[in-house]
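Proteins come first, then strands; the chains are lettered A, B, ... in the order of their sequence lines, and each starts at number 1. Worth knowing before you read on, the calculation uses all heavy atoms, side chains too, and leaves out hydrogens, waters and symmetry mates.
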Protein chains: 2
Amino acid sequence: MTVTSVHDPSHREALWELEDAFERGDLVSVFGRCTVSYEGRAASDLGAGDRLLVLKPDGAALVHTDEGRQPVNWQPPGSEHHAAVREGRLRVRSTRDNPDETLTVRFERVHQLSAMAVTGGRDLELHGSEEDLRTRILERPDLVETGFEPRETERPSSAGPMDIFGVDADDTPVVVELKRRRVGPDAVGQLARYVRALKEELGVDDESDAEDAPAVRGILVAPSVTDRAAERLADRRFDHVALEPTPAE
Amino acid sequence: MTVTSVHDPSHREALWELEDAFERGDLVSVFGRCTVSYEGRAASDLGAGDRLLVLKPDGAALVHTDEGRQPVNWQPPGSEHHAAVREGRLRVRSTRDNPDETLTVRFERVHQLSAMAVTGGRDLELHGSEEDLRTRILERPDLVETGFEPRETERPSSAGPMDIFGVDADDTPVVVELKRRRVGPDAVGQLARYVRALKEELGVDDESDAEDAPAVRGILVAPSVTDRAAERLADRRFDHVALEPTPAE
DNA sequence: AGATAGATGTCGTCT
DNA sequence: AGACGACGTCTATCT
């Protein structure tokens with residue numbers, strides 16, 4: 001059998017089951033009334049309440065309430081789970097180094113504990129990412145602009161790698177920044193850094209950087225931009241090309 | 001009793017339990033072998049395997065494998081859960097509008113299904129946040145610099161609200177940007193936008209913005225900065241003050 | 001509803 | 001191990 005499960009166990013019973021599950025490398029879920037405290041990158045305390053504790057064999061720990069996509073407390077993979085009975089109660093502790101942090105869950109009562117040996121696919125096939133957008137442009141550069149010629153992807157610069165580097169119909173260098181969804185001002189800042197770095201690298205002076213024909217162009221490719229982002233694009237004389245990661249149906 | 005739990009139920013049994021749990025507003029966990037597909041902001045497919053499905057009464061749905069802090073698939077709060085038996089199998093679907101997205105989990109087999117009525121504390125007391133850092137500085141402005149005087153927090157500007165606005169010992173305006181942990185170049189860009197906005201607002205011309213005494217100063221308060229961030233700070237003639245959100249023990 | 005910035009963000013990738 | 005940027009980021013706050 002792949003699943004073990006106990007209903008309303010004593011704290012000591014719960015401890016045995018937990019230790020066995022850790023030993024087997026099971027994925028564990030514990031329903032119960034507990035308090036939670038965390039100390040590490042920050043520090044937090046959570047009063048008594050019913051929660052779901054998930055313990056993974058890779059060291060991840062998650063404490064979920066009845067609300068939210070995010071766990072109310074957690075510990076990243078690579079941590080170590082320890083269970084014990086202290087003062088007559090089940091205590092589960094998950095710790096890691098670098099940074100030093102500890103998550104402690106103290107159960108007043110355990111309602112349900114289940115453990116399962118996990119097998120099977122872990123590989124997610126995801127479509128619609130920034131990489132899809134890059135592929136799309138490399139296959140059809142004219143989607144960016146007539147005459148646009150990609151020269152390099154992930155081109156290094158002193159400001160980090162730029163998404164796509166190329167030239168336009170006039171052979172002017174072009175830095176393309178890709179975003180898979182609507183963007184705010186931060187993306188323009190990122191593009192500006194790459195353009196500035198490339199200008200420095202090419203030794204462009206302010207003279208040759210004419211009002212109507214910049215020496216290095218910046219193009220932000222994204223489905224859409226916020227008003228503030230549009231302002232900043234105009235300030236910097238960058239262009240925006242509206243494009244989705246995947247063709248509209 | 002607050003918890004209901006079934007072991008190796010038939011798909012139809014599982015369906016009844018799920019519908020009851022939705023009705024009661026329970027927090028639900030399902031262990032089983034399933035395939036998962038998502039369609040919405042992106043699209044993804046996940047082949048058969050053992051996973052833990054968590055369904056929350058607020059509409060959140062999480063699919064967890066045995067690895068990682070993040071669910072391999074999910075649906076945010078506000079979604080609607082629907083369960084059905086299709087082709088002899090339990091199918092759980094979670095949908096929402098704006099954006100339109102759907103998560104579908106098809107179970108080949110349900111190993112364990114538990115549901116719990118959740119009561120009790122949801123309020124987390126968290127320490128060590130950016131707000132703690134702000135409080136710390138407002139109580140002891142000299143931690144930033146001798147003579148520093150905070151005047152306003154969240155002061156509005158055309159580039160958005162700045163964390164702390166104040167003046168230094170020479171009555172020069174100071175924009176303070178707070179970060180709770182080590183920062184990269186992006187934080188400097190953010191600070192630069194606020195400083196530029198304030199200069200424009202105050203009508204500072206390049207004349208009065210002397211080499212050694214800027215008309216508006218920028219200070220980045222963070223535990224530490226990366227090399228690249230330090231360069232960009234130097235370029236802009238901004239200062240860095242090393243400070244933690246909470247005093248070191 | 002959209003916009004903006006924080007987060008114990010997490011996660012992959014590259015140096 | 002640190003740095004950097006993407007993410008179906010999520011989440012709170014403000015307009």
### Task
Using the P atoms only, state how far D:dC4 lies from D:dG8, rounded to an integer number of Å.
23 Å
### Message
Short of 4.0 Å, heavy atom to strand atom, which residues of residues 51-58 of chain A count as contacting DNA chain D?
### Response
none
### Task
Pick out which of A:V54, A:V92, A:L52, A:L103 makes a side chain to side chain contact (heavy atoms under 4.5 Å, CB included) with A:V63.
A:L103
### Query
Does A:K56 have any salt bridge (charged side-chain N to carboxylate O under 4.0 Å, His left out) partners at least two apart in sequence or in another chain, and if so, which?
none
### Query
What pairs with B:F22 under ring-ring contact (aromatic ring centres under 6.0 Å, His included), at least two apart in sequence or on another chain?
B:H81
### Task
Encode nucleotides 3-13 of chain D as B, S and - characters from 5' to 3', where the letter depends on protein heavy atoms closer than 4.0 Å: B to the base, S only to sugar-phosphate, - to neither.
SSSSSBSSS--
### C:dT8 versus D:dG5 - spacing of their P atoms, nearest Å
22 Å
### Query
Regarding A:T104 and A:R93, is there a side-chain donor-to-acceptor distance under 3.5 Å anywhere?
yes
#### Entry: Identified stems (criterion: three or more consecutive Watson-Crick or G-U pairs, under 3.5 Å), DNA chain C
C:1-7 with D:9-15, C:9-15 with D:1-7
Using a 3.5 Å cut-off and no angle test, enumerate the donor-acceptor pairs between side-chain atoms of residues 223-234 of chain B and protein atoms at least two apart in sequence or in another chain.
unit_1: B:S224; atom_1: OG; unit_2: B:R182; atom_2: NH1; d: 3.1
unit_1: B:T226; atom_1: OG1; unit_2: B:A229; atom_2: N; d: 3.2
unit_1: B:R228; atom_1: NH1; unit_2: A:S158; atom_2: O; d: 2.1

### Sequence neighbours excluded - ring-ring contact (aromatic ring centres under 6.0 Å, His included) pairs with any residue from residues 25-66 of chain B
none
### Message
Between C1' on C:dA7 and CG on B:L133, what's the gap in Å once rounded to a whole number?
### Response
14 Å
#### Entry: Results of salt bridge (charged side-chain N to carboxylate O under 4.0 Å, His left out) for A:R89 - residues two or more places apart only
none
### Task
State whether the number of non-hydrogen atoms from other residues, nucleotides or ligands found under 6.0 Å of A:E152 atom CD is greater than 12.
yes
### Message
Could you check whether atom CD of A:E39 has more than 12 heavy atoms from other residues, nucleotides or ligands sitting under 6.0 Å from it?
### Response
no
### Message
Can you tell me if A:D123 has over 12 outside heavy atoms packed within less than 6.0 Å of its CG?
### Response
no
### Message
Tell me every residue that passes salt bridge (charged side-chain N to carboxylate O under 4.0 Å, His left out) with A:E125, counting only those two or more places apart in sequence or in another chain.
### Response
none
## Note on the structure
side-chain hydrogen bond (donor to acceptor under 3.5 Å, both in side chains) filter on B:R134, not counting sequence neighbours, yields B:E154
Identify all pairs in which a protein N or O lies below 3.5 Å from an N or O of nucleotides 12-15 of chain C, and state each distance.
none

### Partners meeting salt bridge (charged side-chain N to carboxylate O under 4.0 Å, His left out) with A:R33 (sequence neighbours left out)
A:E108
### Task
Whole angstrom is fine here: how far is it from CG in A:D100 over to P in D:dA1?
13 Å
